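Below: one structure, written as structure tokens.
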Amino acid sequence: MYKTARLLRCITPVLTVALLAGIAAHPGCSGERDPATLFGPDEHETIVVDAVLYVDRTLPEIFVTRTRSADAVSTGDASAVNDAEVTVIQGLAEYRYASAGRRGLYLPPPGAPRVRPNTEYRLHVQALGEEVSGVTSTPAPLVIDEIAVLEEPSMEVIRRLDPDSAAGNRVRYREGLIEVRFDPLDVEAYQVIVLEPGSEDGGSPPLEARDGRLLLPWFAIGSSGEHEVEVYALDRNLFDFLRSVQASGQNAFGFGNLAGDTFERPVFNLEGGIGVFGSASLDTFGFIVIPES
Amino acid sequence: MKCFAVLFSLLLIPASAKAATISGFVTDRDSGEYLLAANVFLSGTSLGALSNDNGFYAITGIPEGSYVLVVSYIGYETYRDTLCIGPEAYLRRDVELVPTVLIGETAVVEADRNRDERLAQPGFVALQAAVLKELPAIGETDLLRSLQLLPGIQASSDISSGLYVRGGGPDQTQILLDQIPLYNPSHAFGFFSIFNPEAIKDMRLHKSAYPAHYGGALGAVLDVTNRDGNRNDFAGSGGISLISARTMIEGPLASGSFMVSGRRTYLEPILAYIRSRVEDIPGYYFYDVNAKINQNLSYSDNLVLSGYFGRDDLNLETSEADIFNVRWGNSAVTGKWTHLFSPTLFGNFMVSGSDYASRLSANFDGTEILFRNSIRDISVKGDLDYVAGGEHALKGGFRATAYRFRFTRSFNQDAQLDLRQQPYVISVYAQDQWQARTSTSVRLGLRANYYSERETIDLEPRMSISHRLSDGLRLKAGGGRYHQYLQLITTEGFSGGDFWVPLDGSVSPGQAWHFVIGTNWDPAPSYRLSLESYYQRLRNLVVVDNTRAVGGDETRSEDVFITGGKGYAAGVEAFVERLSGRLTGWIGYTLGWTRRQFPEVNQGNWFPPKYDRRHDLVVSANYRVGRWSFGGNVIFATGQAFTPASARYELRESARTGIREDYFLPADRNTSRLLPYHRMDLSVKQDFRLFDRDFQWYLQVFNAYNHRNEWFVQYDTEDEEVTTAEVVKMLPIVPTIGLNYNF
């Protein structure tokens, strides 16, 4: 037993030094990282579709692009796919799109009809030897019935705004909460976009409003003057994409792209490619923001 | 009822009518503190016992004769006493152990050589406060950070005190303070744990295959016991570091003792000074208070009242309009009565309440976002320890816990969610520690849980076995089934403002099977080697669904979580420890695999969680020369997993505005690795006396060679042409000085 003790007493310092030397000599300890190792397996050349149908509007323009390597240097039009075959199908009707020859933009045929509510549309794209397809079911029309200014915190209605006239809707900054009221539709969620001069606000995350009421956050208002608010009822595809791309840490509050936490592939609902083929119905209203002071 | 009375009266009779019984309490001679898990045995026989949580032991079935009673405990001189025992005798023998310095070769040697198989539980780690204080740390000695130096336990980052035990997340480890569950064990977003090192007496960690008297966690159990207080003299200790001050006062009180300890940061003036020069510096503080009163009502009755209260508060005010505030804290109070029914029957009864509340609020230009979570439990608990004979130590008990849970979320004054639940859990358990043979000890247990939301009874069999192959060489194995009814919603990076949610009937509770097998070898008196392999199979895992629409009025667990997850963790741990001499410390190595799979995550494919580590090596050493002590840790670990970007694509942010935005296409989840993690910590301490008091100053250097380990990767597409990937690094070298004192 004590021979073992003596042996261990001798080998412990040797073992410790050897371990430390081994750790120091490990290639991973150099601290130098090849930047390319921060990117995953390259998935460039995947077809990306960007098509959103709006109820009661004409068939929209569609963009077809391709993915680029995450670490590649690219120039403006490098991702455009200008030689695709793009078709939108509704029932027995087929609408073949024409390439604009730039930016991967495809235009609907002349005289294309308006998008119908509660209707199924299919998309087929053939490009780069691949076929991408998707299906969307358009929501019912969205009609804003009422816009109320509520007092905080009682949430009592102070006054109502006119849904049809922006000029008469003058609201002092943070005067109260602005609530939009409408008949709820059979959709998963809504989105609100506030358009104001000089703003590039991309819109809210998907908002549930089963009671047909949405409160506008004042932080979406960046300046005084005339504002237009668009309220969208989202189909399943748009809802899935918006909720999952936000959750993946992109464009979200906090640690965007925190590796390994929530950086997750969005839900695209497309076969053979990625992107969005969705639909929405919308209504708008306007108001003028008067400075608080 | 009649049957119960008969059974109870039988228990009051010493088990073996023809044999003798010895029982009593094991205490520290200087402070009078009860010593738990002290090894008590009759030399040259297989008869022995471990003292329980209250220092009580009982050895039964002793034939008439002369024996040497040995009581050993690491850090104390071994107690020996020759006893002449007659037939059918009952002998009460309370033992006071004399503390000795940890490097006292002789004392430690004896304690270790006589280690009983009952201590050799698979996946079990015991750590005393004295050992804890010797380890290098950042700023403060910290229990959870010290545990991260043991094999099978990992940290998620330099600033995290969260415990990732054997492939489980922090939510799968139950943390008990004086047997009360604490729901958030961290201060400062995980930088420190809530355990004040001055107040800790003992801690036991069951890394897996934990016994039947614990329950409610899929992974591990950390059981921390605070000091009872010095029964003999008034005493105190404390410390001052760069960020906080702490103190503990204890002393005799009536027929018992008291202990009060407190800790508070004093960062505010420093932060205020920085804030006057740099924008967006938050105000922050934390404090905690532990208190305990311990009273001996009689030789057989002891009453303990204890409490904990802690708060964290962070406030960030970037302008008049933008305010961000996070506040969280635990409160817990316990009343415990222990009663010695007979020389072989010991009872422990407890009423406790624990409350955890967190509040996160943000106000952006008048738009308020508010999250509030509170979970309050009231528990009634009873345990009976019965030594049924020389071979059987029975333990049984119950615990009934009523929870009151509330989670509210409001956005822009709109109360989007007001979730209230009041579930309860009733658990009963029975356990037999059976000395099957001189060299073989078996622990069999069964726990049954009734969870009100499921209205079903979940049975949890538990088993462990320890077999001595030869002197100093033991085989051990264990396993069991476990359920978890509460789920933590947290982020992997920070642990402040965590939310706890009880699962309701719409989701099956998480379930795990643990299997452990290993060996302990004591090749020499002061060395211990252990090798252990583990496998855990997990079912019904849940993860919070981040893709829910804002404003969703989720009322069911199935709305809040992605469900149906499964997973496994497997690995091998090797641990070599030197227990005595000038040089003490250990080398620990873990080889591990952890995988998870959810139908709606990563396209249904299996993936490693972020904390999956293939290799984890820790060398921790302490060298003492006279009044000087030099310490060091070297850590090397496989880099954490992360999800890399595999491509970049472009979509219009809104078809109406036509603004185009770049997005990343993530690769499969956690398919890349950060660079291997490594660092070295060093410390030097010197004891000295001043004004007839003991002091110790210390210098600790965290990350001594200033290696900036990788924390996470952040991608940036602001540049339209090039994607930049930035690696955010962890802490640089952090030197700390401080002063500890005893009075």
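We name chains A, B, ... by the order of the sequence lines, and we start the count at 1 in each one. As the structure is a prediction and not an experimental result, all values here were calculated from the model.
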Atom group of [X] that falls short of 4.5 Å from chain A, counting heavy atoms:
| X | result |
| --- | --- |
| Arg708(B) | neither |
| Val543(B) | neither |
| Asn602(B) | both |

- Based on non-hydrogen pairs under 4.5 Å, which of Ala647(B), Pro608(B), Pro644(B) is most in contact with chain A? Ala647(B)
- Check: Thr65(A) side chain, Gly104(A) main-chain N or O, donor-acceptor pair, under 3.5 Å: no
- Query: So, the side chain of Arg578(B) versus the backbone of Ser580(B): is there a donor-acceptor pair under 3.5 Å, distance only?
  - Reply: yes
- Over 60° means perpendicular and under 30° means parallel, so classify the ring planes of Tyr649(B) and Phe268(A), tilted if in between. perpendicular
- Anything under 30° is parallel, anything over 60° is perpendicular, the rest tilted; go ahead and classify Tyr663(B) against Phe241(A). perpendicular
Does any backbone or side-chain atom of [X] lie under 4.5 Å from a heavy atom of chain B? Answer side chain, backbone, both or neither.
| X | answer |
| --- | --- |
| Leu214(A) | neither |
| Val267(A) | neither |
| Ala280(A) | neither |

- Start with the C-alpha distance between Glu61(A) and Arg103(A), add both sets of side-chain angles, then the distance that settles salt bridge (charged side-chain N to carboxylate O under 4.0 Å, His left out), and finish with yes or no. CA-CA 12 Å; Glu61(A) 55 191 24; Arg103(A) 299 182 66 204; over 6 Å; no
- Message: Tell me which one of Arg673(B), Arg596(B), Arg669(B) satisfies salt bridge (charged side-chain N to carboxylate O under 4.0 Å, His left out) with Asp612(B).
- Response: Arg673(B)
